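Below is one structure, written out as structure tokens; the observations come after it.
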Amino acid sequence: MTRREFLGAAASTAVAPSGTANQDAAARPSARLIASAPVLMNAAESSVGVAFAVSADASGWVDVSLRPDMGDAMRVYSGTGAVMRVDARFATIRTCGLRPATRYYYRIGADRIAFDDDYKRSNLGAEVDPKGRSFATLGAAAEGSFCVIQDTHSRLPIVDMVLAKLSELKPSVIVWNGDARNFYRTYRDAVGTFLRPHPKWPEYAAESPLMFLNGNHDFRGRFGLHLEDLMMFREQSERHARYAGLGRNFVQRLGDIALIGLDTGEDKQDTNPILAGITRMTEYRKLQTRWRAEAIEEPAIRTAKFKVAFCHIPLFDRRTNENPGDVLPADDDPRYRHPWAAWQRTCATMWGPLFAKAGVQLVVTGHQHCFRYDPPTRERPWAHMVGGGPDFVPGQSRGYPTVIEGRVRDGRLAITVHDCGNNRIVFDRTFA
Ligand SMILES: [Fe+2]
Ligand SMILES: [Fe+2]
């Protein structure tokens, strides 16, 4: 790739500086500027996002090269347009214009920016993280595995178990299938959850990109309303303008597997008064249905031998006392155990036929905090899986956290479910 291609491709998400963070940073002028390892996100054929924490006003950047020695490295800055983005909380950088199924080497850095007064600002110099890292772009020619995690809810012992398993498995991508935390009151909650999730595993996503999908909890708290400030939406240019609002949805090829990301949204109705009338999940789900109907006709899906879809809230439950998420106006119905959606019948009705038409083999969900496998039936030709949760007690055989691993093995889609609490495999099956 030429330098011109690289510079033309650089982009990033929008992040507003925080006055509170500025004050905190001013109180720690000697702190390291780069305050976390990089976290990769939203991997695609030609782009990947990079985010890391900073401790003071800074403009972050990434050097990217096809060579391990970083020869011919191109620098991609945070922000587009007339000025680089300066932020005292974190840097979010989008590297675009990459080659599919290609390994790139990278390092991160940040320029420390001081605002001396209203008319003068200073660049106090760059801090460079000397550690060399790499990532691989996706595509039909890509190789490797995916791993799914969900419902960690920022419980440190659970996060430790799950990230330890990821460190062992080293997947090509990590689908983080929601409920990473209960709520995000400020940006600090999000930085702690995603950029520094556990002190033992600072590099957990430095070489395996996150494909993050919201759980119902990830919309909660003031910062959670716009979690995309840190957990970047997918690159805008990689979807049609009419789907601009679908920042989380993805269809990406990982070799023979098409990975399909969907967002089931909140587990309460838009009309439920506790949501203050500011959610639009009903329309959001319908828009995803239209996108999905078009997406299954794309070559990325049509030509994929295996198709796996991901969303947080289950799309099936055989139990009749579990709330299917379609109780108006406020989710409360004496027939059901809880006044919130245990599963999403509306999404199942809209998306299920599309899964069948596309030949989706497996839908991976979470939300219920207990691993379950629902084999396909005549009416529902796709298998359905619910990942484990955060309520693990050592010695118990239920409620354990899981890592769901998928890869192509001997020409078949192999799905292995790791019980991270008891360090055992609880499911190992192949799909044709
Ligand atoms: Fe959860
Ligand atoms: Fe949930």
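Predicted model, so just to flag it, every value in this text is computed and none were measured. In listed order, ligands and their atoms are each counted from 1.
Pairs engaging residues 136-173 under the ring-ring contact (aromatic ring centres under 6.0 Å, His included) rule: Phe146-Phe310, His153-His217, His153-His369 [sequence neighbours left out]. Within the structure, the ring-ring contact (aromatic ring centres under 6.0 Å, His included) test picks out the following pairs touching residues 374-422 (sequence neighbours left out): Phe355-Trp382.
The ring of Phe306 has its center no closer than 6.0 angstrom to the ring center of Phe431. Ring pair Phe223/Phe183: centre-to-centre distance not below 6.0 Å.
Asp428 is linked by a salt bridge (charged side-chain N to carboxylate O under 4.0 Å, His left out) to Arg409, counting only residues two or more places apart in sequence or in another chain.
Phe316 carries Arg380 over the face of its six-membered ring, with the cationic atom under 6.0 Å from the centre and within 45° of the normal.
Listing protein N, O or S atoms at distances below 2.8 Å from the Fe ion (ligand 2), with waters left out, gives Asp179 OD2, Asn216 OD1, His312 NE2, His367 ND1.
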